Protein chains: 4
Amino acid sequence: MERLERKEREFNMRRAEILKQAEKVFATKGFHNVTVAEIASASGFSIGSLYQFFEGKENLYTTMISEKLDLMYAEIRKATNAAKDITGKIEALIDAHSQFIEKNKDFCRLFIKGENAALSEAMTSLRQKLIDDYFKHINFIENLLKDGIKKGLLRALPPHDMASALFHLIRASSMEWMLVPAKESLSSKKGFILDIFLKGVKKYD
Amino acid sequence: MERLERKEREFNMRRAEILKQAEKVFATKGFHNVTVAEIASASGFSIGSLYQFFEGKENLYTTMISEKLDLMYAEIRKATNAAKDITGKIEALIDAHSQFIEKNKDFCRLFIKGENAALSEAMTSLRQKLIDDYFKHINFIENLLKDGIKKGLLRALPPHDMASALFHLIRASSMEWMLVPAKESLSSKKGFILDIFLKGVKKYD
Amino acid sequence: MERLERKEREFNMRRAEILKQAEKVFATKGFHNVTVAEIASASGFSIGSLYQFFEGKENLYTTMISEKLDLMYAEIRKATNAAKDITGKIEALIDAHSQFIEKNKDFCRLFIKGENAALSEAMTSLRQKLIDDYFKHINFIENLLKDGIKKGLLRALPPHDMASALFHLIRASSMEWMLVPAKESLSSKKGFILDIFLKGVKKYD
Amino acid sequence: MERLERKEREFNMRRAEILKQAEKVFATKGFHNVTVAEIASASGFSIGSLYQFFEGKENLYTTMISEKLDLMYAEIRKATNAAKDITGKIEALIDAHSQFIEKNKDFCRLFIKGENAALSEAMTSLRQKLIDDYFKHINFIENLLKDGIKKGLLRALPPHDMASALFHLIRASSMEWMLVPAKESLSSKKGFILDIFLKGVKKYD
DNA sequence: GATGAATGAGCGTTCATTCAT
DNA sequence: GATGAATGAACGCTCATTCAT
């Protein structure tokens with residue numbers, strides 16, 4: 001019994017190590033420009049071993065993307081839920097999202113670079129998962145904003161559109177921060193995002 | 001003389017036809033999953049002929065992306081410049097951008113899917129061009145908003161960040177419209193974008 | 001009648017012009033690294049026109065080689081025949097051969113570089129022609145030497161082997177002259193070739 | 001340790017096998033008329049495997065030529081050095097050279113056919129190596145002959161030219177033997193070469 | 001179990017030749 | 001006749017995956 005557990009633990013550790021190194025390599029060069037041999041070499045395993053952990057190159061890639069994104073959404077929601085009031089939650093949402101991107105610059109670049117397309121089964125279902133997760137996340141933000149409307153803090157605009165807007169305002173800062181080599185910390189944009197999202201750009205209402 | 005002109009016209013028509021068909025094929029399957037033979041067959045030319053118009057697969061791809069994007073930015077700016085006052089210009093900006101996306105759904109999907117990455121010279125310089133064009137466009141919007149600030153219509157927020165925010169609010173709607181199969185017209189979101197951009201989501205200031 | 005003659009004369013002039021330019025291009029880059037388009041462009045004719053003068057690329061190449069080599073052998077024999085006595089004839093043979101090589105350095109390099117092989121019909125028959133011409137030439141020298149034996153000037157060694165030896169002694173100098181960038185005139189070797197061929201290297205007999 | 005040695009030995013055996021079969025195929029058809037698939041099939045390996053042993057088609061070709069030629073020069077020099085006196089050494093030189101050609105008819109034919117040209121890096125450096133090795137060999141013969149001059153056996157002709165002459169006299173016989181399908185053994189020419197090289201063709205001095 | 005050499009389908013690209021104009 | 005755009009077979013090479021050791 002104990003033996004089995006150790007085996008399982010070891011298996012998971014190796015799997016995680018491979019994913020970690022694969023992320024680095026993929027993030028640097030993109031899916032199509034990386035060979036399985038490279039990942040094997042980077043992670044210190046043999047080519048053959050990789051195929052014991054993952055069904056193939058695509059599966060390794062989609063798993064890596066998928067698990068990392070799960071982590072991102074989880075982190076953001078956890079931080080958001082931990083805040084007390086609506087404004088605090090929105091602030092936490094912006095902050096946690098920004099921080100994840102700052103910590104995972106290379107990974108996130110994969111989404112600017114693109115490198116997702118493909119026709120194969122695995123890639124198609126990855127894309128669908130990405131879309132589903134995206135809408136789940138928008139829905140999470142939506143509920144937050146609905147609460148704000150109910151509490152009389154926010155205007156009664158379509159919640160889904162508001163949520164989408166907030167998400168993409170965060171994305172806007174992130175993208176620019178990733179595109180321009182050296183700039184101030186991404187987190188410094190939090191105030192602006194919060195301000196423009198809440199009050200808009202017009203001078204007098 | 002006339003002969004030469006007709007030759008040139010024909011050349012350009014064939015070139016355009018290839019680009020048009022290549023756009024369709026690339027949009028469906030992404031750069032790496034399309035073969036030159038497929039594009040040749042789809043556009044009704046032989047493999048060899050493609051190489052008279054374009055230096056290779058990458059050149060065909062980057063040319064297609066580049067020219068189409070040039071067109072998009074040009075259309076948006078033309079429509080924007082044609083409007084009279086600031087609010088009208090912002091409205092026109094949103095409208096023209098939305099309309100281009102509605103008319104070029106498949107092409108725009110390439111950017112959601114990503115499929116830009118690659119390490120080669122051509123691809124690297126395409127990416128740089130995309131980034132440059134993006135910032136040029138943000139700058140165009142920036143100037144528009146600066147004018148609004150000067151005229152006392154808009155708050156004196158950092159113009160670049162405001163421009164980026166507006167651009168990504170438009171992008172937010174577009175993305176969702178492309179992700180969800182059948183939905184109301186993208187243009188119908190114009191009112192919301194304008195509203196949230198100008199006034200924000202907060203109930204009382 | 002006269003019209004026809006002019007046509008024919010023009011045809012031959014164009015054909016010669018193509019061969020002349022083709023020689024230059026082939027000599028510089030070798031058969032496989034030259035395209036038909038290059039030859040067309042170099043000779044000032046269209047691709048299609050080339051196919052009116054020659055059946056194809058191989059035919060153009062083999063014709064060029066063949067005719068040039070015919071010329072070489074003809075020149076050498078003419079000069080040789082013009083000399084009076086045996087020793088003079090051998091001297092003339094060496095001289096004319098050396099001079100042809102000096103005048104046609106690039107062409108002759110084709111034979112050092114190789115660039116003859118191929119499996120196709122045309123190439124095979126070219127090779128056979130080269131071999132036949134080579135033996136015909138050796139035979140010419142042979143007759144010269146037989147005469148020398150009959151006249152009591154030369155030892156009664158196997159005439160074919162003697163002829164071959166003489167030919168390759170000339171070739172030896174030529175080769176080195178072509179391999180080493182800048183050297184004294186090839187013709188300056190005539191004395192040495194004659195000396196070693198006639199007297200050998202041994203000090204006392 | 002032992003394991004590693006066996007691996008290395010196997011690797012070298014496979015590499016040698018590929019070179020051997022490649023030599024046959026190239027010798028028959030020339031560089032440009034052989035496909036990588038053909039060599040793979042002839043040597044009993046897959047296309048991909050060839051690329052584990054050699055960087056590409058050119059590398060395979062140049063390696064084959066280079067190693068074989070190294071072997072030839074080594075054999076000739078070894079045999080020559082083993083002989084006692086000058087005349088014996090010259091005889092051994094002729095003999096060893098002839099024997100190598102008799103044993104490696106197909107390989108040597110590559111040099112008659114030519115098939116060395118090409119513009120690429122690898123081919124250019126092969127050519128330079130061939131030339132360098134040629135002159136190194138001539139130099140080896142030169143030293144031999146210089147010794148003969150010093151010992152009073154040979155006339156004080158320019159040693160380099162004498163060496164070149166001897167080399168090409170051997171080459172003359174070899175070439176004819178290769179060109180004419182069936183003939184007496186090449187080695188039977190040794191006597192003639194020695195005779196003409198030492199004494200020349202003139203009857204009375 | 002672990003390995004990495006072996007496999008070969010599939011790719012982008014070239015260029016001799018043809019033939020509509 | 002003269003042209004050169006169009007053709008597509010054929011090539012060298014890569015690399016995800018397998019499987020004998």
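Please read all numbers here as calculations on a predicted model, not as lab measurements. Numbered from 1 within each chain, the chains take letters A, B, ... in sequence-line order. Heavy atoms only: backbone and side chains are in, while hydrogens, waters and symmetry mates are out.
Counting any heavy atom pair closer than 4.0 Å across all strands shown, A:Gly56 reaches sugar-phosphate atoms only and no base atom. Residue A:Tyr51 is in base contact, counting any heavy-atom pair closer than 4.0 Å across all strands shown. C:Ser49 comes within 4.0 angstrom of a base, heavy atoms only.
For D:Lys57 and F:dT14, the NZ to C1' distance is 17 Å, given to the nearest whole Å. Rounded to an integer number of Å, the gap from A:Phe26 CZ to F:dA16 P is 9 Å. In this structure, C:Phe45 atom CZ and F:dG1 atom P are separated by 13 Å, rounded to whole Å. One interatomic measurement links the two molecules: CZ of A:Phe53 to P of E:dA2, which rounds to 7 Å at whole-angstrom precision. C:Gln52 has its CD atom 18 Å from the P atom of E:dA16, to the nearest Å. In this structure, A:Glu58 atom CD and F:dT17 atom C1' are separated by 13 Å, rounded to whole Å. Counting to the nearest Å, the C1' atom of F:dA16 and the NE2 atom of B:His32 are 15 Å from each other. When the P atom of F:dG1 is taken as reference, atom CG of C:Leu50 falls 15 Å away, rounded to whole Å.
Under the 4.0 Å criterion applied to side-chain N and carboxylate O atoms, C:Lys29 and C:Asp106 are not assigned as salt-bridge partners.
The cationic atom of C:Lys57 (NZ for Lys, CZ for Arg) does not lie both less than 6.0 Å from the six-membered ring centre of C:Phe26 and within 45° of the ring axis.
Nearest-nucleotide mapping onto DNA chain E: of C:Val34 and D:Ser46, the residue sitting toward the 5' end is D:Ser46. Mapping C:Ile47 and D:Gly48 onto DNA chain E by nearest heavy atom places D:Gly48 at the nucleotide closer to the 5' end.
Nucleotide E:dT14: paired with F:dA9 (Watson-Crick or G-U wobble, both distances less than 3.5 Å). With a cut-off of 3.5 Å on both pairing distances, the Watson-Crick or G-U wobble partner of E:dA20 is F:dT3.
Shortest non-hydrogen contact noted between A:Ser66 and A:Lys129 is OG-CE, 2.5 Å. In terms of heavy-atom proximity, B:Gly56 sits nearest to B:Tyr51 at CA-CE2, 3.7 Å.
Regarding contacts with the backbone of E:dA6, a side-chain N or O of D:Arg14 is found under 4.0 angstrom from either OP1 or OP2.
Side-chain atoms of D:Val36 lie closest to F:dC13 of the nucleotides E:dT7, F:dA5, F:dC13.
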Dump the intermediate steps for side-chain hydrogen bond (donor to acceptor under 3.5 Å, both in side chains) on B:Asp132 and B:Gln128, then the final yes or no. CA-CA 6 Å; B:Asp132 290 349; B:Gln128 198 51 56; 3.1 Å; yes

